[in-house]
Engineer: 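I'd like to ask some things about the structure below.
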Amino acid sequence: QVSLAESGGGLAQPGGSLRLSCLASGFDLDIYTMVWFRQAPGKEREGVSCSSTADDTTDYADSVKGRFTISRDHGENTVYLQMDNLKPEDTAVYYCATGLDLIGITCNLASVPYPGVWGQGTLVTVYS
């Protein structure tokens, strides 16, 4: 069975850091472009970052550039989102996602196809 499972969310103070993990099961994420999304209370879901192994591209939302870093561990079949210098506006449920339409494509948040496989989400709360 194909699935994604996020972990690593929690509470952080402004300026703090968290690292989210997304473990893929039932498939090898090596060939998939992986995407992190988030949804804040009362707001639409937005793309935060993506990573492609097809052409080694990454992309970030303007709101997180310079603060968040996406990476992969091929041996662990896991993609990570390192979040530094957290701000209260980063508070959201974070999801990782991918799908058949994301195999071998470049990473561009503006044009990435809607993923067909989603994790359950992990809550990040940044409080002051």
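Only heavy atoms go into these numbers, but all of them, side chains included; no hydrogens, no water, no symmetry mates.
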Engineer: Only counting residues at least two apart or in another chain, list the ones meeting side chain to side chain donor-acceptor pair (under 3.5 Å) with D90.
Structural biologist: R38, R67
Engineer: Taking a hydrophobic cluster as the set of Ile, Leu, Val, Met, Phe, Trp and Tyr residues connected by side-chain heavy atoms closer than 4.5 Å, whether directly or through intermediates, do L29 and F37 fall within one such cluster?
Structural biologist: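 No; F37 is not reachable from L29 via cluster members.
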Engineer: F68 and L20: same hydrophobic cluster, using ILVMFWY side-chain contacts below 4.5 Å?
Structural biologist: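 Yes.
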Engineer: Just jot down the side chain to side chain contact (heavy atoms under 4.5 Å, CB included) partners of S17, sequence neighbours excluded, or say none.
Structural biologist: Q82, D84
Engineer: Compile the donor-acceptor pairs under 3.5 Å between side chains in residues 104-126 and protein atoms, sequence neighbours left out, one pair per line.
Structural biologist:
{"unit_1": "T106", "atom_1": "OG1", "unit_2": "D55", "atom_2": "OD2", "d": "2.6"}
{"unit_1": "T106", "atom_1": "OG1", "unit_2": "T57", "atom_2": "OG1", "d": "3.3"}
{"unit_1": "N108", "atom_1": "OD1", "unit_2": "A110", "atom_2": "N", "d": "2.9"}
{"unit_1": "W118", "atom_1": "NE1", "unit_2": "P115", "atom_2": "O", "d": "3.0"}
{"unit_1": "Q120", "atom_1": "NE2", "unit_2": "E6", "atom_2": "O", "d": "3.0"}
{"unit_1": "T122", "atom_1": "OG1", "unit_2": "G9", "atom_2": "N", "d": "3.1"}

Engineer: Taking the cut-offs as 6.0 angstrom to the six-membered ring centre and 45 degrees off its axis, would you call R45 and Y95 a cation-pi pair?
Structural biologist: yes
Engineer: Sequence neighbours excluded, which residues qualify as side chain to side chain contact (heavy atoms under 4.5 Å, CB included) partners of K65?
Structural biologist: Y60, D62
Engineer: Could you pull out all residues at least two apart from N77 that satisfy side chain to side chain donor-acceptor pair (under 3.5 Å)?
Structural biologist: none
Engineer: What I'd like to find out is whether the side chain of T53 reaches to under 4.5 Å of the side chain of Y32, using heavy atoms alone.
Structural biologist: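 Sidechains of Y32 and T53: no contact.
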Engineer: Count I, L, V, M, F, W, Y as connected when their side-chain heavy atoms are under 4.5 Å apart, and connections chain through other members. Are M34 and V64 then in the same cluster?
Structural biologist: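 In one cluster: yes.
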Engineer: What do the steps show when you test Y80 against T69 for side-chain contact (heavy atoms from CB on, under 4.5 Å), and what is the final call?
Structural biologist: CA-CA 8 Å; Y80 300 99; T69 304; over 6 Å; no
Engineer: My understanding is that a hydrophobic cluster links ILVMFWY residues whose side chain heavy atoms are under 4.5 Å apart, including indirect links. Using that, what else belongs to the cluster containing Y127?
Structural biologist: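 Besides Y127, the cluster holds L11.
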Engineer: If two hydrophobic side chains count as joined below 4.5 Å and joins carry through other members, does I31 share a cluster with L23?
Structural biologist: no
Engineer: Consider only side-chain heavy atoms of I, L, V, M, F, W and Y, link residues closer than 4.5 Å, and tell whether I70 and L18 are in one cluster.
Structural biologist: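 I70 and L18: one cluster.
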Engineer: Quick one, P14 and P88 - any side-chain contact, counting heavy atoms below 4.5 Å?
Structural biologist: yes
Engineer: Taking C-beta and beyond as the side chain, do L81 and V48 meet within less than 4.5 Å on heavy atoms?
Structural biologist: yes
Engineer: Between OG of S49 and CH2 of W36, what distance do you get to the nearest 0.5 Å?
Structural biologist: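 Interatomic distance, S49 OG to W36 CH2, rounded to 0.5 Å: 9.5 Å.
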Engineer: Could you report the tightest heavy-atom contact between L86 and M83, atom names first, then the distance?
Structural biologist: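 Minimum heavy-atom contact is CD2-CB, 3.8 Å.
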Engineer: Which pair of heavy atoms, one from T91 and one from P41, lies closest together, and at what distance?
Structural biologist: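 Taking T91 first and P41 second, the nearest heavy atoms are O-CD, 4.2 Å.
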Engineer: Which is it for T78 and R72 under the side-chain hydrogen bond (donor to acceptor under 3.5 Å, both in side chains) test, yes or no, and what are the steps along the way?
Structural biologist: CA-CA 6 Å; T78 298; R72 296 170 182 249; over 6 Å; no
Engineer: Tell me the closest heavy-atom pair linking V2 and G26, and the distance in Å.
Structural biologist: CG2-O, 4.0 Å
